[in-house]
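Every number for a ligand or one of its atoms is a count from 1 in the order of the listing. Along the sequence shown, residues are numbered consecutively beginning with 1.
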Amino acid sequence: MSAEPSSNYDVLIAGGGMVGASLACALAQLPLRIGVVEPVPLSSGAQPSFDLRTTALSRTSQRILDSLGLWSEVASRAACIRRIHVSEQGRFGTTVIDAEQQAVPALGYVLENRVLGAAMWGRLEATDNVDMLCPATIDTATVADATITASLGGETFAGAAQARLLVVADGAGSRLRAALGVPAQTRSYEQTAIVGTVKVAHPGDGVTAFERFTPQGPMAMLPAGDGRYVFVLTAGEDAVAATLALDDGAFRDLLQARFGFRLGRIGRVGQRGSYPLALTCAQQLKTTRAAIVGNAAHGLHPVAGQGYNLGLRDAATLAELLADNLRSGEPDPGSDTLLAEYAAWREQDQRNVVAFTDGLVRGFELPAQVLGSLRGLGLAAFDVLPGAKTILAQTTMGLGGRQTRLARGMPL
Ligand SMILES: Cc1cc2nc3c(=O)[nH]c(=O)nc-3n(C[C@H](O)[C@H](O)[C@H](O)COP(=O)(O)OP(=O)(O)OC[C@H]3O[C@@H](n4cnc5c(N)ncnc54)[C@H](O)[C@@H]3O)c2cc1C
């Protein structure tokens, strides 16, 4: 397969990571010619999106993946979340979000990125109307008439590819977004997330996820099945180097001290990965013949596990609008009208989730003397105010805002 300079696509997707590949899987069902441009093969240990991380999928994400026929391929590898326990170190206030109280079978699922990646890439590589242009990059594109022309970098596919619509899905540090003239605001959290998997002595019901706020930053423990838990620990800039340098035993002691003994003694810590954290918000979700999705539109702190879930909703929305556009008399996947509808549909959900996630991090970052026991009261209040808890649960499950057909279990 090669992208000759004459290559013509209806939709060209820059980035075959979590969100770009999800979008391609949705669009593969439509009579469209799709190109996915990705620099790093799935088989590479250096693939930045499908790495050793594990993702907490919201209920909405599970339904979208199910509608795409992908869930059945990964379900046996997913761990279920039925409860989310939120606490703050050194304070009494806790809150529990419970699937039963929300009248749903599960609040979400935990799945290894690589498992989802294998299912999606397997699907795309076997689909006739999708070209996987990998390894290759897109760093610039120009618009002329009804076409956007992307310059492909890399030895295998060097040249140009034309499309009616270019989708920017190359992650939070997107160079393509900048090249297309779309500004983004980035604010560092001055924290780094350290992730990995551990066995615990008392896994409990194995379906409870823990969010814990500590003076050193937020952390999460997510059930991963077989008595294993995935940890996401944050370290402030002053402590990152020393934390990363800890040997397995010392790191386990640190994790235990931060999390406490709710799951008993924490066992051996395996491979760890680290991710500097920042909030990135693109100022627009579209420009001429281009749509911005996933982390390229919004890079979030992982404390509430919302980044991919939000990006998958971008993908489901764009796919729905493209399906509707095909049914119209004169389909044009990159029309101004379609792109304006995409931006209008996604803006509110994105704003809400950014505010929710950022508020969670910054609210708990405020010094104790400023908020005093109010922070403890905040969590306690969540527990006694069913309305507040429902909003928290709905946001966590990805149920805020207008739902796509895929999220409602319907075909595109
Ligand atoms: C520690 C951590 C834990 C997280 N946990 C969760 C969670 O539990 N739940 C959740 O919903 N989210 C979570 N997230 C967020 C989630 O990982 C991201 O939101 C998601 O990966 C975004 O996918 P993306 O495809 O938009 O971007 P990325 O994952 O950044 O993928 C971008 C892709 O574009 C490719 N690319 C780069 N440059 C170019 C170029 N020039 N041309 C073409 N392609 C290019 C890259 O190789 C990559 O494959 C977590 C994030 C972190 C850091």
Asks: For Val293 and ligand 1, does the shortest N/O to N/O distance drop below 3.5 Å?
Replies: no

Asks: Suppose I only count heavy atoms of Val37 and a 4.0 Å limit; which atoms of ligand 1 are within that range?
Replies: 43 (C), 44 (N)

Asks: Counting only heavy atoms, which portion of Leu57 has something under 4.0 Å from ligand 1: side chain, backbone, both, or neither?
Replies: neither

Asks: Would the number of heavy atoms belonging to other residues, nucleotides or ligands and lying under 6.0 Å from CG of Asp128 be above 12?
Replies: no

Asks: Does Arg187 form a salt bridge (charged side-chain N to carboxylate O under 4.0 Å, His left out) with Asp358? I'd like the steps, not just the answer.
Replies: CA-CA 11 Å; Arg187 172 165 41 82; Asp358 194 44; 2.9 Å; yes

Asks: Can you report which non-hydrogen protein atom sits closest to atom 6 (C) of ligand 1, along with the distance?
Replies: Gly305 CA, 4.1 Å

Asks: Which of the atoms of ligand 1 are close to Gly307, meaning less than 4.0 Å from one of its heavy atoms?
Replies: 10 (C), 11 (O), 12 (N), 15 (C), 19 (O)

Asks: Provide the number and element of each atom of ligand 1 under 4.0 Å from a heavy atom of Ala169.
Replies: 32 (C), 33 (C), 34 (O)

Asks: What is the closest protein heavy atom to atom 4 (C) of ligand 1, and at what distance does it sit?
Replies: Pro302 CB, 3.6 Å

Asks: Can you pull out the closest protein heavy atom to atom 45 (C) of ligand 1? Residue, atom name and distance to 0.1 Å, please.
Replies: Pro39 CD, 3.3 Å

Asks: According to side chain to side chain donor-acceptor pair (under 3.5 Å), who are the partners of Ser61, at least two apart in sequence or on a separate chain?
Replies: Ser58, Asn309

Asks: Considering Ala278, Ser61, Gly17, Ser49, which one's heavy-atom position lies nearest to atom 28 (P) of ligand 1?
Replies: Ser49

Asks: Could you work out, for atom 47 (O) of ligand 1, the closest of Glu38, Gln47, Met18 by heavy-atom distance?
Replies: Glu38

Asks: Which residue owns the protein heavy atom closest to atom 8 (O) of ligand 1, what's the atom, and how far is it?
Replies: Ala56 N, 2.7 Å

Asks: In a table with atom names and distances, give each donor-acceptor pair under 3.5 Å that connects a side chain of residues 134-155 to protein atoms at least two apart or in another chain.
Replies:
{"residue": "Thr140", "atom": "OG1", "partner": "Ser151", "partner atom": "OG", "Å": "3.2"}
{"residue": "Thr149", "atom": "OG1", "partner": "Gln162", "partner atom": "NE2", "Å": "3.4"}

Asks: Show which atoms of ligand 1 fall inside a sub-4.0 Å distance from at least one heavy-atom site of Val19.
Replies: 23 (O), 24 (P), 25 (O), 26 (O)

Asks: Any non-hydrogen side-chain atom of Met132 less than 4.5 Å from a side-chain atom of Glu38?
Replies: no

Asks: Do Arg114 side-chain atoms and Phe50 backbone N/O form a donor-acceptor pair below 3.5 Å?
Replies: yes

Asks: Nearest protein heavy atom to atom 27 (O) of ligand 1, by residue and atom, and its distance?
Replies: Gly171 CA, 3.7 Å

Asks: Any side-chain heavy atom of Pro223 within less than 4.5 Å of one from Tyr229?
Replies: yes

Asks: Side chains of Val207 and Ile81: closer than 4.5 Å at any heavy-atom pair?
Replies: no

Asks: With the threshold set at 4.0 Å, does a side-chain nitrogen-carboxylate oxygen contact exist between Arg175 and Asp170?
Replies: no

Asks: Give a yes/no verdict on whether any heavy atom in Pro48 is under 4.0 Å from an atom of ligand 1.
Replies: yes

Asks: Tell me, which protein residue and heavy-atom name are nearest atom 52 (C) of ligand 1, and how many Å apart are they?
Replies: Arg53 NH1, 3.3 Å

Asks: Among protein heavy atoms, which sits nearest to atom 42 (N) of ligand 1, and what does the distance come to when rounded to 0.1 Å?
Replies: Ile138 N, 3.1 Å

Asks: For ligand 1, which atoms sit closer than 4.0 Å to a heavy atom of Gly294?
Replies: 26 (O)

Asks: May I ask you to list the atoms of ligand 1 that are less than 4.0 angstrom from any heavy atom of Val195?
Replies: 1 (C)

Asks: Would you indicate whether the side-chain heavy atoms of Asn129 and Pro31 approach each other to under 4.5 Å?
Replies: no

Asks: Side-chain contact test, heavy atoms from C-beta onward, threshold under 4.5 Å: evaluate it for Leu32 versus Leu326 and give yes or no.
Replies: yes

Asks: Check this for me: does any side-chain nitrogen of one of Arg123 and Glu73 sit under 4.0 Å from a carboxylate oxygen of the other?
Replies: yes

Asks: Flag atom 14 (N) of ligand 1 as yes if some protein heavy-atom distance to it falls below 4.0 Å, otherwise no.
Replies: no

Asks: Could you check whether any heavy atom of Arg175 sits closer than 4.0 Å to an atom of ligand 1, since that is the contact criterion I want to use?
Replies: no

Asks: Short question: side chain of Ser335, backbone of Leu338 - any donor-acceptor pair under 3.5 Å?
Replies: yes

Asks: Check whether any side-chain heavy atom of Thr186 lies under 4.5 Å from a side-chain heavy atom of Leu279, and answer yes or no.
Replies: no

Asks: When you measure from the centre of the six-membered ring of Phe251, is the NZ or CZ of Arg272 closer than 6.0 Å and no more than 45° off the axis?
Replies: yes

Asks: What atoms in ligand 1 come closer than 4.0 Å to a heavy atom of Asp139?
Replies: 41 (N)

Asks: Which residue from Asp170, Leu133, Leu12 reaches closest to atom 32 (C) of ligand 1 through any of its heavy atoms?
Replies: Asp170

Asks: Which atoms of ligand 1 have any heavy atom of Thr55 under 4.0 Å away?
Replies: 7 (C), 8 (O), 9 (N), 10 (C), 11 (O)

Asks: Could you tell me the residue and atom name of the protein heavy atom closest to atom 16 (C) of ligand 1, and the distance to it rounded to 0.1 Å?
Replies: Tyr308 N, 3.9 Å

Asks: Do ligand 1 and Asn295 have nitrogen or oxygen atoms that lie under 3.5 Å from each other?
Replies: yes

